[in-house]
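When reading the values below, keep in mind they use all heavy atoms of this one structure, side chains included, and skip hydrogens, waters and symmetry mates. Each ligand, and each atom within it, is numbered from 1 in the order the structure gives.
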Amino acid sequence: MTGPALAQSPADAGPSGADWAAAVAAVRALPADGRVLLICHVNPDGDALGSMLGCALGLRRMGLRQLQATFPGPPGVAEPFRGLPGLDLLVPAADAWTDPDLVLCFDAASVSRIGDLADRLDRAGEVVVLDHHASNTRFGRIHLVDPFAAATSVVVEGLLDRLDVPLDREIAECLYVALTTDTGSFRFAMTTPAVHEMAARMLATGLRPEEISRRVFDTRPFGAVRLYGDVLGRAELEPEAAGGLGLVWTYATLDDLARHGQPAYVLEALIDSVRCTAEADVSCVLKQVAESEWAVSMRSKGPVDVSRVAVALGGGGHRLAAGFTGRGSANDIIAAIRTELDRVLAEPE
Ligand code: AMP
Ligand code: MN
Ligand code: MN
């Protein structure tokens, strides 16, 4: 990175006019053979991938020819995302340019979320961070961070619009997948009139929403259905936890996956089958990723800010949906969560 950091807009507001202008200028300054590296967070969800690929396709429409999209960790994308437009732009992290002219980073609240790709930020000509986490640590140089945006794809649409890139069906499909992922298919609190207006612009390109949602959200192998049976069958309800608001939790081990012959991605939706528990405000799913390492998903229905729990345990996220990497046994991690829930409820926000 070169030059002084730009004046920052306050962390609790959306991007300023100067932020947008700087991002637009950074893209427009590129020659047609300028190398643009697009990075999204590890273990990418629909918002991370959809925002990154939708933006990449928009840049391709502008005539930029040298585009790479990537994320840390194993290079494959989960089955639900294999139909996304723009996947031809994906490269394994190890093959990503080390000194691109521009880095665009998507849906990552902190540099830890892009793992080994963090070094690309240091050697890039310019770095633009596009995100919607209130906790974003502003680790780039230009920041398009809007904590009021329902998904990072809202920010991407704003950038493409300012770059005069017309929406086509492929770009729209990517941004729509991102928007439906992070709004829980238009059910969560961030589902504002503006979100539905954006969805309308995407649908107007000719998308088939029923096909997209079936592919992305409503299809899983039979083995995963049986696996869910096992894992939901061991769920625990603790009505006294979280100051009496209630905690419901379960865990899935590597052995569970192996027994049912399933890949890890099938567990991404498990939290949705747990969080519906009426008797608990807070829900939690522990997904084993190594001997004593777990990817932890947390959800709240409102009263508890689970991002404060996740941040205290080394992760992050949003008020009602957050996560972290837990170490130790499942019981150790649940004990730590119980403790942090009590602390967060005792300390004012
Ligand atoms: P998930 O439960 O995996 O769907 O994640 C919910 C939200 O929590 C994501 O949108 C991220 O913002 C955040 N999150 C999940 N895992 C982590 C982590 N290990 N570190 C930081 N943030 C995380
Ligand atoms: Mn995400
Ligand atoms: Mn997101």
Check against side chain to side chain contact (heavy atoms under 4.5 Å, CB included), W249 and V274: CA-CA 7 Å; W249 62 277; V274 177; over 6 Å; no
Under the 6.0 Å and 45° cation-pi test, does R220 pair with Y228? yes
By salt bridge (charged side-chain N to carboxylate O under 4.0 Å, His left out), R201 pairs with (sequence neighbours left out) E157
Under 4.0 Å between a Lys/Arg side-chain N and an Asp/Glu carboxylate O for R60 and E170? no
Using a 4.5 Å cut-off on heavy atoms from C-beta on, say whether the side chain of R275 contacts that of K301. no
Ring center gap for H41 and F71 short of 6.0 angstrom: no
Check this for me, if you would: do D131 and R138 make a salt bridge, where the nitrogen-to-carboxylate-oxygen distance has to be below 4.0 angstrom? no
Would S307 and D305 count as having a side-chain donor-acceptor pair, cut-off 3.5 Å? yes
Could you please tell me which protein N, O or S atoms lie under 2.8 Å from the Mn ion (ligand 3)? D47 OD2, D107 OD1, H132 NE2, D182 OD2
Which N/O atoms of ligand 1 sit under 3.5 Å from a protein N/O, and at what distances?
from, atom 1, to, atom 2, distance (Å)
ligand 1, 2 (O), S297, OG, 2.6
ligand 1, 2 (O), R299, NH1, 3.0
ligand 1, 2 (O), R299, NH2, 3.3
ligand 1, 4 (O), R299, NH2, 2.9
ligand 1, 8 (O), G323, N, 3.2
ligand 1, 12 (O), H133, NE2, 2.6
ligand 1, 22 (N), G316, N, 3.3
ligand 1, 22 (N), G316, O, 3.4

Taking only residues two or more places apart in sequence or in another chain, which ones pass salt bridge (charged side-chain N to carboxylate O under 4.0 Å, His left out) with D168? R61
Looking at the Mn ion (ligand 2), is there an N, O or S atom belonging to H41 that lies under 2.8 Å away from it? yes
Taking only Lys NZ, Arg NE, NH1 and NH2, and the carboxylate oxygens of Asp or Glu, determine whether E238 and R338 approach each other closer than 4.0 Å. yes
